[in-house]
Undergrad: 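Before anything else, here's the structure in question.
Not measured: the values here are computed from a predicted model. Just the heavy atoms: all of them, side chains too, but no hydrogens, waters or symmetry mates, feed the values below.
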Amino acid sequence: MEDPLIFCYKKSEPYQNLKLYITRPKIPSIHCPAIIFFHGAGFTNNKVTPRQFQQHALHFASLGMVTILAEYRPLEVEGRFSPMDSIMNAKSAIRWTRENARDLGVHPNKVVAAGASAGGYLCLCAAMIDQCNDPGDNERISAQPDALIIFNGGVDAKMLIDLFPALEEPLLAASPVTKVKANLPPSLFFHGTDDVNIPIQEVIDFTSNMVDHGNLSILVPFEGLGHGFFNYGNMDNQPYLQTIREMEKFLKGMDFLDEE
């Protein structure tokens with residue numbers, strides 16, 4: 001595989017220079033599927049960075065995907081960062097990928113969004129929320145992913161209101177749990193049964209509602225595990241390896257990966 005390429009997809013205040021870290025397959029083609037990873041802990045100052053998904057990205061690049069680690073908030077900014085701006089930036093990253101698909105060797109209709117915790121919430125918003133678009137974006141380019149992979153992600157924006165009381169109205173309007181409808185992208189959810197940050201029952205109800213509306217939505221529970229269980233290096237990598245296997249099966253089922 002080639003060394004990661006670094007592209008700045010947005011330059012403006014307060015975002016500074018938001019970057020995408022892109023790894024291409026060893027033998028690139030002109031129509032590879034792409035997967036964009038959005039890290040967790042995105043709305044407060046935290047040590048979690050795009051490197052959270054580095055091992056996932058390397059693995060799927062080895063299988064022929066273009067993998068992208070996305071910054072959606074400026075790491076240099078201290079304190080809390082608006083979820084609304086983060087949604088806007090996530091959408092911009094997806095649009096940038098499609099706009100540059102030819103140069104990247106990406107199939108523009110095979111773009112997967114994967115995210116953890118806050119990053120998972122952003123993936124769902126990109127798929128389900130019409131608002132929160134950067135005025136500088138070309139909205140003729142879709143920001144909706146073609147598939148979703150969510151690691152202990154938030155589905156109800158109400159939980160963010162205590163942190164961002166001034167954003168109560170826009171957050172309620174950007175809550176995936178209220179936006180379920182038919183013809184949404186296929187989705188795969190990983191969630192620990194002992195997650196105290198985001199109770200698994202919320203995700204059970206959400207995925208059941210997705211299925212009731214005719215969508216493909218799969219929940220893989222991890223018994224006895226909490227938030228962030230899937231990170232590389234945890235528990236001898238057993239949860240990480242299981243997520244890898246489930247992701248491969250999911251992506252093969254959509255013809256985003258070749259069957260062996």
Undergrad: May I ask whether Tyr232 and Phe222 are part of the same hydrophobic cluster, defined by side-chain heavy atoms of I, L, V, M, F, W, Y residues being less than 4.5 angstrom apart, directly or through others?
TA: yes
Undergrad: Got a sec, which residues hit ring pair (Phe, Tyr, Trp, His ring centres under 6.0 Å) with Phe151, two or more places apart in sequence or on another chain?
TA: Phe53, His56, Phe190, Phe230
Undergrad: Kindly give the heavy-atom pair with the smallest separation between Cys8 and Trp96, and that separation in Å.
TA: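 Smallest heavy-atom distance, with atoms named: O-NE1, 4.5 Å.
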Undergrad: What I want to find out is whether Arg73 reaches Asp85 closely enough, with some N-O distance under 4.0 Å, to be called a salt bridge.
TA: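 Salt bridge between Arg73 and Asp85, a charged N being under 4.0 Å from a carboxylate O: no.
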Undergrad: For the residue pair His191 and Phe229, is the inter-centroid distance of their aromatic rings smaller than 6.0 Å?
TA: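 No: the rings miss the under 6.0 Å criterion.
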Undergrad: Would you mind checking if Glu248 and Arg245 are paired as a salt bridge, meaning a charged N to carboxylate O distance below 4.0 Å?
TA: no
Undergrad: Between Ser117 and His227, is any side-chain donor less than 3.5 angstrom from a side-chain acceptor?
TA: yes
Undergrad: Under a 4.5 Å side-chain heavy-atom rule over Ile, Leu, Val, Met, Phe, Trp and Tyr, are Val180 and Val211 clustered together?
TA: no
Undergrad: What closest approach, in Å, do Lys179 and Ser175 show between heavy atoms, and which atom pair accounts for it?
TA: CG-O, 3.4 Å
Undergrad: Salt bridge or not for Asp146 and Lys110, using N-O below 4.0 Å?
TA: no
Undergrad: Looking at Leu148 and Cys123, what are the two nearest heavy atoms and their distance?
TA: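 Nearest heavy atoms, Leu148 then Cys123: CD2-O, 3.5 Å.
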Undergrad: When you measure from the side chain of Asn138 to the backbone of Arg140, do you find a donor-acceptor pair of N or O atoms at a distance under 3.5 Å?
TA: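 Checked: pair present.
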Undergrad: How close do Val66 and Leu104 get, counting heavy atoms only, and between which atoms?
TA: CG2-O, 3.8 Å
Undergrad: Treating Asp134 as the side-chain partner and Ser92 as the backbone partner, does any N or O pair qualify as donor plus acceptor under 3.5 Å?
TA: no
Undergrad: Please check: side-chain N/O of Asn133 versus main-chain N/O of Met88, any donor-acceptor pairing under 3.5 Å?
TA: no
Undergrad: Same cluster or not: are Ile141 and Leu122 linked, directly or through other Ile, Leu, Val, Met, Phe, Trp or Tyr residues, by side-chain heavy atoms under 4.5 angstrom apart?
TA: no
Undergrad: Under 3.5 Å, is there a donor-acceptor pair between the side chain of Asp195 and the main chain of Asn197?
TA: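 Such a contact is found between Asp195 side chain and Asn197 backbone.
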Undergrad: Looking at Ser187 and Met210, what are the two nearest heavy atoms and their distance?
TA: OG-CE, 3.8 Å
Undergrad: Determine whether a donor-acceptor pair (N or O, by modelled atom type, separation under 3.5 Å) exists between the side chain of Arg98 and the backbone of Pro108.
TA: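 Present.
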Undergrad: Report, as yes or no, whether the 6.0 Å neighbourhood of atom NE2 on His31 holds more than 12 heavy atoms from other residues, nucleotides or ligands.
TA: no
Undergrad: For Asn17 and Lys10, indicate whether the former's side chain and the latter's backbone hold a donor-acceptor pair under 3.5 Å.
TA: no
Undergrad: Would you confirm whether Glu168, through its side chain, and Lys158, through its main-chain N or O, come within 3.5 Å as a donor-acceptor pair?
TA: no
Undergrad: Using side-chain heavy atoms (C-beta onward) and a distance below 4.5 Å, is Ile36 in contact with Val111?
TA: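 Counting from C-beta outward, Ile36 and Val111 do come under 4.5 Å.
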Undergrad: Identify the two heavy atoms, one from Leu124 and one from Gly154, that lie closest to each other, and give their separation to 0.1 Å.
TA: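 Closest approach of Leu124 to Gly154, heavy atoms only: CD1-O, 3.6 Å.
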Undergrad: Any donor and acceptor pair, going by atom type alone, linking the side chain of Tyr121 with main-chain N or O of Ile87 inside 3.5 Å?
TA: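 Pair absent, no side-chain N/O of Tyr121 close to backbone of Ile87.
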Undergrad: Does the side chain of Asn89 reach to within under 4.5 Å of the side chain of Tyr9, using non-hydrogen atoms?
TA: yes
